[in-house]
Amino acid sequence: MPSPTARPGDPAVGLRTSSHSHAGAPTVLKIVIAGGFGAGKTTAVGAVSEITPLSTEEYLTEASADVDSLEGVEAKQTTTVAFDFGRLSLPDAPKPLELFLFGTPGQDRFVDLWYDLSRGAVGAVVLVDTRRLENSFTPVSFFEDIGLPFVVAVNHFDGAHLYHPDQVRAALDLPASVPVVTDVPTGWAAGARATSWDARNPNHVAGVLLTLVGYAVEHASEGPVHPASTTTLQDA
Amino acid sequence: MSTYGDAAEDSTFVRTYTLTRGRTEPRHLLGLDTVLDLGPGRPGPGQAEECEEILALCREHRRSVTELAGRLGRPITAAKILVSDLLDAHALVVSVTDAYAAADTDADERPTTHLLAALSVALKRKFPDAIPYRQAG
Ligand SMILES: Nc1nc2c(ncn2[C@@H]2O[C@H](COP(=O)(O)OP(=O)(O)OP(=O)(O)O)[C@@H](O)[C@H]2O)c(=O)[nH]1
Ligand SMILES: [Mg+2]
């Protein structure tokens, strides 16, 4: 991928003293890591984050299904959702960046949170545990509906059957363009064998993030929104 | 949910309510990824202890709303309410470094391809052994 002109003089820090000297401050980008219960979300965030993943709670107020409640007042129900936060600084990028990672559970009652997290995001990684494939349906259709680029990473848990990416794609009814990662080459050497993708391995997680970023670029070039910037990228 | 779970949740509610002096809505519109920097002001007297904690955290490093809540061990809403107080006192300022300021148009909130390219380069530098997956199809 072509890179924008590097600006080596950019400071990565320098935010402390003045509230107005933000010129060199890193730009924040975010990626959502979604998946069902126990799919490896916290593990994946922690594998690449510079800080131990923080578990954060938020209350979500759901309008109750009981619309005909007394006084016409919509009964509200509050649930708690816990999600992960991790970050990594990328100071020597062509421009200083900071990447936020949000790990979020897959149940559909949390879609309000997903909207918040998805706004302005680079994209999403949907973690799939093939023993509980159905837990991935909701996040997959959510990201499809809002048009957020996403990739699927299959965690191979001990004892689980190894699936081919096409089998996972078919089971999740994914368009052919959506990358599905099930395994990674062990190295560049000829004949190197592939190993199962593993959320505990920082290089594997970073590889999926790179896959997502590449896919997001393609997605942007396919979409109707940015014909101009597409040209710029291809010409660069 | 179990009775125990409900009770635990209720008591968290009570603690949060006390912390925010009964307020349930933050005064400022803050996102989960809004980043806060230390400002020139000082908070007035009678602030919650947690406000000092927030300022100490932001003195070290600018922090997102989510990170502050996580480090305080408080719900997001509680953190947003306290951050709002600190913004009013100019003890905190919102960091103006989000990607969306750099977006081409207001309507499109997606990061630009330019930023995505920079992210790709940066990740490759940080994880030289990471191998992006190549789509077979
Ligand atoms: N074999 C294998 N185990 C994994 C992998 N990723 C995570 N695990 C293990 O699976 C368990 C669950 O992982 P978590 O990261 O806690 O999953 P989670 O999605 O955050 O789970 P919840 O937050 O409870 O929904 C942990 O014991 C991990 O060590 C993987 O890629 N392969
Ligand atoms: Mg978790």
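In this text the structure is predicted, and so the values were computed from the model without any measurement. Heavy atoms only: backbone and side chains are in, while hydrogens, waters and symmetry mates are out. Convention: sequence-line order gives letters A, B, ...; per-chain numbering from 1.
If you measure heavy-atom distances from A:Val48 to chain B, the contacts under 4.5 Å come from both the backbone and the side chain. At a 4.5 Å heavy-atom cutoff, the contact between A:Pro202 and chain B is made by backbone and side-chain atoms alike. Heavy-atom distances place both the backbone and the side chain of A:Leu148 under 4.5 Å from chain B.
In this structure, B:Val65 and A:Phe85 have side chains that are not in contact, with every pair of non-hydrogen atoms separated by 4.5 Å or more. Between A:Lys30 and B:Pro111 there is no side-chain heavy-atom pair separated by less than 4.5 Å. Looking at A:Val28 and B:Arg62, their side chains come closer than 4.5 Å, going by heavy atoms from C-beta outward.
Heavy-atom minimum distance, A:Pro94 versus B:Arg125: N-NH1, 4.4 Å. A pairwise comparison of heavy atoms in A:Gly207 and B:Ala130 identifies N-CB, 3.7 Å as the closest pair. Contact record, B:Ala122 with A:Leu90: CB-CB, 3.7 Å, taken as the closest heavy-atom pair. A:Thr56 and B:Ala69 get closest at one heavy-atom pair: CG2-CB, 3.6 Å.
Rounded to the nearest 0.5 Å, atoms CG (A:Leu210) and OH (B:Tyr133) are 15.0 Å apart. Remark: B:Arg110 CZ to A:Arg119 CZ distance equals 11.5 Å, nearest 0.5 Å. In this structure, B:Lys126 NZ and A:Leu99 CG are separated by 10.0 Å, a value rounded to the nearest 0.5 Å. If you take CG on B:Leu115 and CG on A:Leu97, they are separated by 6.5 Å, rounding to the nearest 0.5 Å. The structure places CZ of A:Phe102 at 5.0 Å from CG of B:Asp33, a figure rounded to the nearest 0.5 Å. To the nearest 0.5 Å, the span separating CG on B:Leu32 from CG on A:Leu113 amounts to 6.5 Å.
Looking only at heavy-atom pairs under 4.5 Å with chain B, the residue among A:Leu117, A:Asp116, A:Val122 that has the most is A:Val122. Each of A:Val151, A:Val205, A:Leu212, A:Val181 has some count of heavy-atom pairs under 4.5 Å with chain B, and the biggest count is that of A:Val181.
Proximity of a side-chain donor or acceptor of B:Thr113 to a complementary backbone N or O of A:Val217 within less than 3.5 Å is not detected.
Taking the side chain to side chain donor-acceptor pair (under 3.5 Å) definition, one finds that B:Asp85 meets it with B:Arg23, B:Arg27, sequence neighbours left out. Take B:Glu50 and apply the side chain to side chain donor-acceptor pair (under 3.5 Å) test, not counting sequence neighbours, and it matches B:Arg74.
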**Request:** Apply side chain to side chain contact (heavy atoms under 4.5 Å, CB included) to B:Thr66 and A:Leu54, showing your working.
**Result:** CA-CA 9 Å; B:Thr66 301; A:Leu54 292 162; over 6 Å; no
**Request:** Tell me, with the steps shown, if B:Phe127 and A:Leu88 meet side chain to side chain contact (heavy atoms under 4.5 Å, CB included).
**Result:** CA-CA 12 Å; B:Phe127 300 94; A:Leu88 65 163; 3.8 Å; yes
